[in-house]
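Inspection log for the structure reproduced underneath, given as structure tokens.
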Amino acid sequence: MASLKDLKLRINSVKSTQKITKAMKMVAAAKLRRATERAEAGRPYAQRLADVVSSLAGRITVGPQSPKLIAGTGKDDTHLIVVVTADKGLAGAFSSNIVKAAKAKADALIAEGKDVHFYIVGRKSKPILNRFFPGKVIGQHDTMGIKNPAYSDAQAIADDIVDRFNAGRFDVAHLAYAEFKTTLSQVPMVDQIIPVVPAEVEDTGAAAAAVEYEPDEEAILADLLPKNVAIQIYRAQLENQAGFYGSQMTAMDNATRNAGDMINRLSIQYNRQRQAAITTELVEIISGAEAL
Amino acid sequence: MADLQFELVTPEKQLRSESVHMVVVPGVEGDFGVMAGHAPFMTTLKDGSLEIYKTAGGEPERVMVSGGFAEVGDKGLTVLAEKAEG
């Protein structure tokens, strides 16, 4: 049985832990709000760009002379999974859920006999992926020290990936991230980003057919496709950022509550022991007095 | 004449969404002005400044843009720029 002093120490230590988790929860809540705003502000651009790319892609006939980012390399032997996670922990299962989704995708591809490589953005996925797929992590982008993802970072990552693609290092690229639904739910997603998934053929009416392109469709598309990769990554980062803080807030809320429960339990134990000690003392005094 | 619905969007945020008289856009093959009722048109942008005329004959407001493209459709003009300031 722990002594009264030990219990008191434990209660105090849990109390200070609770203070920290409470503070972290409030910081996460404040950051969450801003991250959500940014994620929402980034959506119109991503949406418009996706619309334009898919409508253009539906318009040109994909041939050998088409940009490779849309036509593909003609093979699908080597896959690259870009895993975007957080850099820090203390956010529940946020990062490990993303890695789990990426791993499921990789396992499925390997079962089909494909070769799978990883490119990681954010630190948290590295140890797990290295353990399950040793030597398969071919690239990494360090996002430590970056507070808010900027478009220029996403662009650098996209350039790196597109270069590798053009060098023929892989045929298909997927992007694994968590979509921010609400504070409580982030859904891990694995989307194909290269080559562009052929859009459902839209009903291009007469009005759309009259659109003039300057320069021509192919040139615009060649310009837009790398941008599309960058914007997808940027969106993934923004969604992740918001999801991360949401997840951290929930995790810290739980931790604060658990600490509270623990303090209650320990206090009860402490009081019982204190009373027991008093009772014993009283019994000793009374029986001492009776003996006289 | 009805005003032109104009949107300026960057990856970071939506900068403008307003009704204007005319916008002059730096297209890659030359600057062009867009007013309401312009034919559907799409072009990539070169680095340069957008000139936004809130009213006919008024002083234009300039916004530097770089990279991206402009799309003119039934709904108006949408400029998707990678960077914009001004």
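Chain identifiers are assigned alphabetically (A, B, ...) following the order of the sequence lines, protein sequences preceding nucleic acid strands; residue numbering begins at 1 within each chain. In what follows, every heavy atom counts, from backbone to side chain, and hydrogens, waters and symmetry copies are set aside.
Between chain A and the options B/V72, B/V28, B/T10, heavy-atom pairs under 4.5 Å are most frequent for B/T10. When each of B/G73, B/G67, B/G68, B/G27 is checked for heavy-atom pairs under 4.5 Å with chain A, B/G68 comes out on top. Of all the listed residues (A/G42, A/A150, A/A154, A/A41), the one sharing the greatest number of non-hydrogen pairs under 4.5 Å with chain B is A/A41.
For A/K25, the NZ atom counts as loosely surrounded, since its 6.0 Å shell holds 12 or fewer non-hydrogen atoms of other residues, nucleotides or ligands. At most 12 heavy atoms of other shown residues, nucleotides or ligands fall within 6.0 angstrom of atom CD in B/E59. B/K13 NZ: 12 or fewer foreign heavy atoms inside a 6.0 Å radius.
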Verify side chain to side chain contact (heavy atoms under 4.5 Å, CB included) between B/F69 and A/I220, making sure each step is shown before the conclusion. CA-CA 9 Å; B/F69 62 101; A/I220 294 186; 5.6 Å; no

Would you check, one step at a time, whether the test salt bridge (Lys or Arg N to Asp or Glu O under 4.0 Å) holds for B/E12 with A/R38? CA-CA 7 Å; B/E12 261 117 32; A/R38 262 200 310 276; over 6 Å; no

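Note that the OG1 atom of B/T78 and the OH atom of A/Y45 stand 12.0 Å from one another [nearest 0.5 Å]. Here the straight-line distance linking atom CD of B/Q14 with atom CZ of A/R48 works out to 9.0 Å at 0.5 Å rounding. From B/L80, atom CG reaches atom CD of A/Q47 across 11.0 Å, with rounding to the nearest 0.5 Å. In this structure, B/E82 CD and A/S152 OG are separated by 10.5 Å, a value rounded to the nearest 0.5 Å.
Proximity to chain B (any heavy atom under 4.5 Å) is shown, for A/Y151, by both the backbone and the side chain. If you measure heavy-atom distances from B/E71 to chain A, the contacts under 4.5 Å come from the side chain alone. For A/L49, the parts lying near chain B are the backbone and the side chain together; criterion is any non-hydrogen pair under 4.5 Å. Contacts between A/Q155 and chain B at a heavy-atom distance below 4.5 Å involve the side chain alone, from C-beta outward. Contact annotation for B/A81: only backbone heavy atoms (N, CA, C, O) come within less than 4.5 Å of a heavy atom of chain A.
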